[in-house]
Engineer: 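Dropping the structure in here first, questions after.
Every chain is numbered from 1, with letters handed out A, B, ... down the list of sequences.
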Protein chains: 2
Amino acid sequence: MATMQDVARRAQVSVSTVSYVLTGARPISQATRDKVLAAMAELDYQPNALARGLASRRSRILGLLLPMDERGIGATETAFVTGATSAAVAAGYHLVLSPIGVGDLDELRRLASQRILDGALLMEVQLHDPRVDVLREAGVPTVLIGRTEDPSGLSYVDIDFDRTVRAAVDHLVGLGHRRIVYVNHSADTIAEGYGPALRTRDSFTAAMTEHGLTPLMIPAEDSAASGRAALASALRQEPDLTAVLAMNESAVFGLLGELSTRGLTVPDDVSVVSMVTSPQVAELATPALTAMTSPGSALGRIAVQTLLRHVESGDGEIHQELLPCVLEVRGSSGPPRTPAASTTDPEAADERSSPGTEAARRRAATRRRA
Amino acid sequence: MATMQDVARRAQVSVSTVSYVLTGARPISQATRDKVLAAMAELDYQPNALARGLASRRSRILGLLLPMDERGIGATETAFVTGATSAAVAAGYHLVLSPIGVGDLDELRRLASQRILDGALLMEVQLHDPRVDVLREAGVPTVLIGRTEDPSGLSYVDIDFDRTVRAAVDHLVGLGHRRIVYVNHSADTIAEGYGPALRTRDSFTAAMTEHGLTPLMIPAEDSAASGRAALASALRQEPDLTAVLAMNESAVFGLLGELSTRGLTVPDDVSVVSMVTSPQVAELATPALTAMTSPGSALGRIAVQTLLRHVESGDGEIHQELLPCVLEVRGSSGPPRTPAASTTDPEAADERSSPGTEAARRRAATRRRA
DNA sequence: CCGCTTAGTCGAAGCGCTTCGACAACGCCG
DNA sequence: CGGCGTTGTCGAAGCGCTTCGACTAAGCGG
């Protein structure tokens, strides 16, 4: 493995000159630069990142702290990661993921205090996230993906849950739905301070109230079984419901199963809209789910650029940005059968639907199997 | 940030003594050790990983090279990652994930030649994986998760696809199925050299043949739509099929949707077994999928231990190990309705099933909605 | 033509740690 | 009791790089 010494010798210049060619910290004449670059190429020289980091006090490594629960990493997070990675690489940094959640504070402390990371991106941020304090104590510049309860003084990027929920509600209300139930994460998750669950709950309540409708929220664990239970509970509390808005990807599938078990069709009897769901997952369902798609890749890019600004300018000004999810209408949402009669004959319901719509087409397809 | 100098001064010993306390490279008396440890605690000393790495030529960082396609990381991979992480941390190493696929060879080369990693774990290994060569050239010890076509001279851990497929086939044959179709990944994926797709294909053919049955394999893209198409194609080629074995998680859901659309029930009309599928995903389906659960966490642990043996012993002997997935019977598999008549009256089919089995119970539950 | 800035290069001093050789002090053996 | 292997500690020499001060050679306005 060639060192800078070798390059310098071969190019007949001093080590510092080679360094300046690499870093651009001082001007180097074109002739010298060419000699040095040629020597590097011939020796297949690669700078030793550790030595460089030690001398410059900058590792050029960014950490993405990404809790991994047993469910894995969804397409949304993946988009975020790829967006962040390409932004980091473009800036000459490495982006490494570390599966560190709020439970692994010791490992985080090690990572942060050992000066391995120039900066950190925090995913799955909780309202009171101890990781933020650990990083601050260690003096590691940080950008949050999500928000703590009081994010003042912290840079973050996050989904604009308020606009997202409102867009979803508007979509359903626009289709004619009045009885809409919101399936959220579990009560425990909410109590534990999971921001998205809280924020969407509040926005849902506000949006429904503004439309003059009564908000009904049902919590559900992140499991299919719990989704089934949630639907049962929803139908008990609101037998006339015509639409479900869900924040809980795992529960949605159970919910769809339960609808089918009860002989209710989607979207004829009940429309289903899933929040913050990737196209790939939405397409798994039959019919495919109308969903709010998250701007994952853009969030990742913005987060890295913000972080680098902090890293390179020794803590620049804070930057806070919210991006909404965009509505993608698929087969699971359509006009309600009739405002009050959810048990009407299917043929009758068909009469009042515009025959050319996607929803109508799907409904017809679904009926074929009856 | 305190340095080793500070600790040495405070403990009234030399820097090297402090170092020996930390590394244990030479014996230190208990009294001295205590003084040093006390000083470290008082100063909240954390060694600088970069300096340590530079001096010792060992970064104590292991890389997990994990391609991220748009679908994200499944529960299987997650289990692997957590298993690997805890093994690494237990050994005093950091384990960082890097989303590097076969397309990011340049980034991999940077990472490998810059001496940041002591070793690498390679996931989603292809039969001819260029990453292996890059790592070998850079002299980075590597353990594969999966296998290249000719893995001689390389350490790896992998799923024992042969035993896994045979277990799945045995399960179905044991239930009485004779017409079993295998839904694999796409022809492109196979052509591209995706090991699991090839190996399971071959094992399926062998297992079926040994049972005196005719193997039928249908390729499918990793999407629900393609799963639907695959089922349609399967029914065209083998109208009497009673069971589907699937290697393709995304396609399974489309396949289930298509079964339902055609009025075929699971497992009454068709049994479905999914390969290398996590319990979490299996539970998303209705009924929950009988599946082969991968030994993810154990694979991760073994991989790291193998890698560390290479790292610490300057390339020890190679280690190759295969672990099978274990069968978990859920609601999607049961005895076939009748060997030849797939359109028989459901009540008649019930006559010949053992009434106490889980499968029978589920079938009864399913029929309730008719 | 003089002093001044600017471009271009070099040497040396670290960055914070590991590791090697040296050495003192201590039993322990015959 | 003299030589010898252990044990415990120290000082110094790096690891491969960045960066600072210094120096030379132009370039330039007055």
Engineer: Which salt bridge (charged side-chain N to carboxylate O under 4.0 Å, His left out) pairs, counting each pair once, include a residue from residues 114-125 of chain A, with sequence neighbours left out?
Structural biologist: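 Listed once each, the pairs are A/R58-A/D118.
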Engineer: Looking at the base of D/dT7, is there any donor atom on it, or on the side chain of B/R26, that sits under 3.5 Å from an acceptor on the other one?
Structural biologist: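 Result: no qualifying N/O pair found.
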Engineer: Taking only residues at least two apart or on different chains, which pairs with a member in residues 130-139 of chain A satisfy side chain to side chain donor-acceptor pair (under 3.5 Å)?
Structural biologist: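 Output for this query lists A/D129-A/R131.
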Engineer: Side chains of A/Q305 and A/H319 only: does a donor on one sit below 3.5 Å from an acceptor on the other?
Structural biologist: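 Short answer, no.
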Engineer: In whole angstrom, what separates A/I116's CD1 from C/dC15's P?
Structural biologist: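 Rounded to whole Å, this separation is 20 Å.
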Engineer: For A/R147 versus A/I159, what's the shortest heavy-atom pair and its separation?
Structural biologist: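 Looks like NH2-O, 3.5 Å.
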Engineer: Roughly how many Å is it from CD in B/Q12 to P in D/dC10, rounded to a whole number?
Structural biologist: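 Rounded to whole Å, this separation is 10 Å.
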Engineer: Think A/T17 has a side-chain N or O under 4.0 angstrom from the OP1 or OP2 of C/dC10?
Structural biologist: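 For C/dC10, OP1 or OP2 has a side-chain N or O of A/T17 closer than 4.0 Å.
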Engineer: In whole Å, I'd like the distance from the NZ atom of A/K35 to the P atom of C/dG8.
Structural biologist: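 Atom NZ in A/K35 sits about 14 Å away from atom P in C/dG8.
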Engineer: Please tabulate the protein-to-nucleotide N/O contacts below 3.5 Å involving nucleotides 16-18 of chain D, giving atom names and distances.
Structural biologist:
residue, atom, partner, partner atom, Å
D/dC17, OP1, A/Y45, OH, 2.5
D/dC17, OP1, A/N48, N, 3.0
D/dC17, OP2, A/M4, N, 2.4
D/dT18, OP2, A/S19, OG, 2.7

Engineer: How long is the gap from NZ on A/K35 to OG1 on A/T17, to the nearest 0.5 Å?
Structural biologist: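 With rounding to 0.5 Å, NZ (A/K35) is 9.0 Å from OG1 (A/T17).
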Engineer: Give, for atom CZ of B/R52 and atom OG of B/S19, the distance between the pair rounded to the nearest 0.5 Å.
Structural biologist: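 Separation between the atoms: 7.5 Å.
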